[in-house]
Peer 1: 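One structure, pasted below without further comment.
Chain naming here is simple, since letters A, B, ... match the order of the sequence lines and numbering starts at 1 in each.
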Amino acid sequence: MVALSFLLRSCTAHSAALQCHAQSFIQGLLPNSIIQTDLLLLYSKLGLLHEARKVFDKMLDRKNMYSWNVMIASYAQNCMYADALVVFREFKFCGLRPDHYTLPPLFKASVGVDDSSIGSTCHGLVIRLGYEGYVVVANSVLEFYVKYGAVSQACCVFSNMLCTDSVTWNLMILGFGRAGLCSNAMHCFREMLSLGGMRVDFMTLPSVLNACGKEGDLLKVREVHGHVVRSFGFDVDAAIGNALIDVYGKCGCLKDSEKVFRTMHFLNLVTWTTMISCYGAHGKGEESLLLFKKMVDEGFRPNPVTLTAILTSCSRSGLIDQGKQIFSSICSDYGFEPTVEHYACMVDLLSRRGYLFEALELLQSVKSSETGSMWGALLAGCVMHKNVEVGEIAAHRLFQLEPNNASNYIALSAGSILLEESTFDQADLSHPLAQMICKILII
DNA sequence: CTAGGGTTAG
């Protein structure tokens with residue numbers, strides 16, 4: 001049995017796992033909690049969650065903390081968050097108490113199923129059970145607040161932490177950056193550098209760069225880039241390279257983006273997508289299209305984000321026919337249905353160039369999945385081309401869909417001034433937001 | 001020998 005247990009722990013392939021599983025059975029070793037735990041771990045590592053679950057269920061009352069923790073963590077790791085939470089519910093039903101291995105995946109699951117109440121409850125558990133001092137647990141609490149955009153809560157957790165590591169600091173940088181508190185993010189980065197014994201690792205840099213990009217501060221970008229080169233050389237990790245391409249683009253240095261792109265050795269789909277959208281943002285639609293073609297030629301399969309990037313590029317450069325052609329071949333060429341974002345891009349593409357009726361037609365064809373951004377794009381086009389007829393339809397529908405979106409009211413009031421027409425009267429003036437806008441306009 | 005972190009659009 002010891003030999004088999006050893007074998008199970010060293011398996012790396014599905015077929016080997018199956019053989020070991022069969023052997024365990026033949027030799028009459030099953031059911032046995034050691035072998036079953038090894039099998040559970042093995043199937044989990046191979047990503048065979050269905051098999052893992054079968055082993056887990058057969059363990060009946062032989063389940064221990066180890067096996068519960070493996071099952072919950074495996075579901076969370078494989079993005080099966082709801083399953084992780086169901087297993088945790090069973091776990092609690094058995095009268096068991098979570099430990100410092102059980103808790104971190106639960107925070108991940110809370111974010112995964114987009115239910116912050118679970119994370120809050122788990123935070124309470126962490127405090128009550130006294131796991132705040134475990135850095136991995138504390139970091140997972142921190143991650144939960146960061147991913148939910150609750151920076152002040154994150155700061156609170158951070159300031160109470162007795163022990164921090166690079167993950168802690170990386171999460172704070174990420175949190176500040178996402179909240180738009182870019183100087184705080186940079187401050188964290190510099191403090192991290194000055195802290196003896198704290199290593200700035202490769203996971204830190206994309207978040208720092210992202211924060212710099214939001215600020216648009218080229219000097220800071222160059223400072224961080226210098227750090228990248230000193231620590232990792234020019235042949236950087238894909239995520240760092242991608243962040244550099246993006247951030248130079250956002251700072252207006254397209255040449256630097258291209259330079260990073262050319263010198264990268266580990267390109268992934270994000271790399272191509274980022275470069276395409278940089279060209280798009282700089283109004284270089286032709287370059288975007290060329291790169292898109294090259295990407296496909298090199299065997300990369302565009303995902304929905306890539307297509308949004310290329311359609312946006314076409315829209316900004318007025319490449320109507322090319323955009324239409326790509327849009328219509330999404331399903332046949334890339335194997336997925338166009339998303340609402342893609343429809344919004346197309347409405348934008350058509351509206352910008354004054355094809356307002358065509359845009360309206362497209363919108364009416366997706367009636368069930370129409371979004372505010374689609375009508376917003378159409379409205380913007382109507383304002384641009386001074387078309388009251390379609391503009392009124394767009395404004396009316398936009399207010400039905402998003403009565404609480406203040407920016408729509410602003411757009412409409414600005415549009416009304418440009419149109420010098422009565423579009424504004426079409427809106428629901430009894431709505432509090434509309435009344436607020438009225439007041440502002442009158443003053 | 002079971003737990004945690006990064007990059008792309010709008």
Peer 1: Can you check the A/Lys108 NZ to B/dG6 P distance for me, whole Å?
Peer 2: 9 Å
Peer 1: To the side chain of A/Met203, which of B/dT7, B/dA3, B/dG6 is closest?
Peer 2: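 The closest nucleotide is B/dG6.
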Peer 1: Looking at every strand, decide which applies to A/Thr274 at a 4.0 Å heavy-atom threshold: base, sugar-phosphate, or nothing.
Peer 2: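 The answer is sugar-phosphate, as A/Thr274 gets under 4.0 Å only of primed atoms, P, OP1 or OP2.
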Peer 1: Measuring only between side-chain heavy atoms, which start at C-beta, is A/Ile245 closer than 4.5 Å to A/Cys278?
Peer 2: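 Heavy-atom side-chain distance check passes, below 4.5 Å.
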Peer 1: For a quick test of reading the model: is some side-chain N or O of A/Asn268 closer than 4.0 Å to OP1 or OP2 of B/dT8?
Peer 2: no
Peer 1: Tell me the interatomic distance from A/Asp246, atom CG, to B/dG6, atom C1', rounded to whole angstroms.
Peer 2: 13 Å
Peer 1: When only distance counts, do a donor and an acceptor, one from the side chain of A/Asn242 and one from the base of B/dG6, lie under 3.5 Å apart?
Peer 2: no
Peer 1: Take atom NE2 of A/His100 and atom C1' of B/dT2, then tell me their distance rounded to the nearest Å.
Peer 2: 9 Å
Peer 1: Describe the nucleic acid contact of A/Val70 in one word from base, sugar-phosphate, nothing, applying a heavy-atom distance below 4.0 Å.
Peer 2: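 Here A/Val70 touches the backbone only, sparing every base.
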Peer 1: For A/Glu143, report the nucleic acid contact type (base, sugar-phosphate, nothing); a contact means any heavy atom under 4.0 Å.
Peer 2: sugar-phosphate
Peer 1: I'd like to know if the side chain of A/His100 and the backbone of A/Tyr131 have a donor-acceptor N/O pair within less than 3.5 Å.
Peer 2: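 No.
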Peer 1: With sugar-phosphate meaning primed atoms plus P, OP1 and OP2, does A/Leu174 contact a base, only sugar-phosphate, or nothing at under 4.0 Å between heavy atoms?
Peer 2: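 Sugar-phosphate: the residue A/Leu174, judged by heavy atoms under 4.0 Å, touches backbone atoms but no base.
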Peer 1: Atom CZ of A/Arg178 to atom C1' of B/dT7: distance rounded to whole Å?
Peer 2: 10 Å
Peer 1: Hey, does the side chain of A/Gln77 come within less than 4.0 Å of B/dT2's phosphate (OP1/OP2), counting only N and O?
Peer 2: no
Peer 1: Calculate, to the nearest 0.5 Å, the distance between atoms OH and OG belonging to A/Tyr145 and A/Ser152 respectively.
Peer 2: 9.5 Å
Peer 1: Any idea which heavy atoms bring A/Arg53 and A/Val87 closest together, and the distance?
Peer 2: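 A/Arg53 and A/Val87 have their closest heavy atoms at NH1-CG2, 3.7 Å.
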Peer 1: By the 4.0 Å heavy-atom rule, please label A/Asn69 as base, sugar-phosphate, or nothing.
Peer 2: base
Peer 1: Starting at CG of A/Leu378 and ending at C1' of B/dG10, how long is that distance when rounded to a whole Å?
Peer 2: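 Result: 17 Å.
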Peer 1: If you look at every strand shown and take non-hydrogen atoms under 4.0 Å, does A/Thr271 touch a base, only sugar-phosphate, or nothing?
Peer 2: nothing
Peer 1: Could you tell me how far apart A/Asp201 (CG) and B/dT7 (P) are, to the nearest whole angstrom?
Peer 2: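 The distance from CG of A/Asp201 to P of B/dT7 comes to 13 Å, rounded to the nearest Å.
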Peer 1: Which part of the nucleic acid, if any, lies within reach of A/Leu269 when heavy atoms closer than 4.0 Å are counted: base, sugar-phosphate only, or nothing?
Peer 2: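 Answer is nothing: A/Leu269 stays at 4.0 Å or more from every strand.
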Peer 1: Classify A/Asp237 by what it touches in the nucleic acid, base, sugar-phosphate, or nothing, heavy-atom distance under 4.0 Å.
Peer 2: base
Peer 1: Mind checking if A/Ser277 touches a base, just sugar-phosphate, or nothing, with heavy atoms under 4.0 Å?
Peer 2: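 Touches sugar-phosphate only.
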Peer 1: Answer yes when A/Glu90 and A/Lys63 have at least one side-chain N-carboxylate O distance shorter than 4.0 Å, and no when they do not.
Peer 2: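 No.
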Peer 1: Please report, rounded to the nearest Å, how far the P atom of B/dA9 is from the CZ atom of A/Arg316.
Peer 2: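 So the CZ-P distance, A/Arg316 to B/dA9, works out to 10 Å.
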Peer 1: Given side chains that start at C-beta, do those of A/Phe189 and A/His227 come closer than 4.5 Å, heavy atoms only?
Peer 2: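 With C-beta onward as the side chain, the pair touches.
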Peer 1: Hey, does A/Lys147 reach any base, or is it just sugar-phosphate, or nothing, if we go heavy atoms under 4.0 Å?
Peer 2: sugar-phosphate
Peer 1: Nearest whole angstrom, please: distance from the P of B/dA9 to the CH2 of A/Trp272.
Peer 2: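 In whole Å, B/dA9 P lies 17 Å from A/Trp272 CH2.
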Peer 1: Need one value for A/Phe107: base, sugar-phosphate or nothing, where a base atom within 4.0 Å counts as base even if backbone is also close, heavy atoms only.
Peer 2: nothing
Peer 1: What's A/Thr312 touching, base or sugar-phosphate or nothing? Going by heavy atoms closer than 4.0 Å.
Peer 2: sugar-phosphate
Peer 1: Could you check whether A/Asp165 gets within reach of a base, just the sugar-phosphate, or nothing at all, counting any heavy atom under 4.0 Å?
Peer 2: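 The residue A/Asp165 makes base contact.
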Peer 1: Which one, B/dA3, B/dT2, B/dG6, comes nearest to the side chain of A/Ile240?
Peer 2: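 Of the candidates, B/dG6 comes closest.
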